[in-house]
Undergrad: 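The structure's right below; bear with me while I get my questions together.
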Amino acid sequence: MAIYQYRCAAHGAFDRSHPIGSAAPEQPCPTCRSAAPRVFTAVSLTGAARSRTALLDRTEQTRERPAVMSAPPPRRGRGGVTTNPKHRHLPRP
């Protein structure tokens with residue numbers, strides 16, 4: 001299944017899912033039922049979750065505009081000393 005985009009002149013774009021190669025050149029608008037022509041874009045083969053898509057978008061944005069910190073993050077706990085028993089024999093800072 002592929003997701004195809006259609007655009008109504010009055011209500012904007014909407015998507016329809018069809019088997020590859022079987023999308024009609026027009027679909028009725030879900031709001032006004034008028035004929036909406038197909039917009040030729042890259043076919044979306046997966047319907048990714050919005051949270052995953054948002055994460056990918058944020059990751060892509062940091063490539064060109066990384067987040068800048070004004071100060072290091074505050075230290076938590078006892079001045080950075082761990083209380084994990086596995087770390088008991090490690091040298092202290």
Side-chain angles (χ1 to χ4, degrees):
M1 295 294 276
I3 299 173
Y4 295 93
Q5 188 176 55
Y6 294 86
R7 184 173 307 277
C8 174
H11 299 103
F14 60 94
D15 296 332
R16 289 284 186 255
S17 179
H18 298 285
I20 293 176
S22 67
E26 292 184 340
Q27 285 285 321
C29 172
T31 306
C32 65
R33 308 304 295 168
S34 66
R38 181 174 163 203
V39 178
F40 286 91
T41 61
V43 177
S44 175
L45 296 176
T46 61
R50 288 184 188 262
S51 59
R52 181 173 181 240
T53 305
L55 175 63
L56 292 172
D57 289 342
R58 284 193 308 271
T59 303
E60 188 65 28
Q61 286 175 353
T62 60
R63 179 181 296 169
E64 296 176 9
R65 291 176 280 137
V68 178
M69 297 176 60
S70 59
R75 295 178 79 171
R76 291 191 265 172
R78 301 182 319 161
V81 177
T82 179
T83 57
N84 189 332
K86 294 179 188 177
H87 302 155
R88 191 174 324 169
H89 300 292
L90 294 175
R92 298 288 176 207

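Not measured: the values here are computed from a predicted model.
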Undergrad: So Y4 and H18, would you call those rings parallel, tilted or perpendicular, with 30° and 60° as cut-offs?
TA: tilted
Undergrad: Using the side chain to side chain contact (heavy atoms under 4.5 Å, CB included) criterion, which residues pair with L56? Sequence neighbours excluded.
TA: R52
Undergrad: Give me the atom names and distance for the closest heavy-atom approach of Y6 to A36.
TA: CD2-O, 3.5 Å
Undergrad: List the residues meeting side chain to side chain contact (heavy atoms under 4.5 Å, CB included) with D57, not counting sequence neighbours, and say none if there are none.
TA: T53
Undergrad: Donor-acceptor pairs under 3.5 Å, side chain of residues 19-32 to any protein atom, not counting sequence neighbours: which ones?
TA:
| unit_1 | atom_1 | unit_2 | atom_2 | d |
| --- | --- | --- | --- | --- |
| S22 | OG | P19 | O | 2.7 |

Undergrad: How far does CD of Q5 sit from CZ of F40, to the nearest 0.5 angstrom?
TA: 12.0 Å
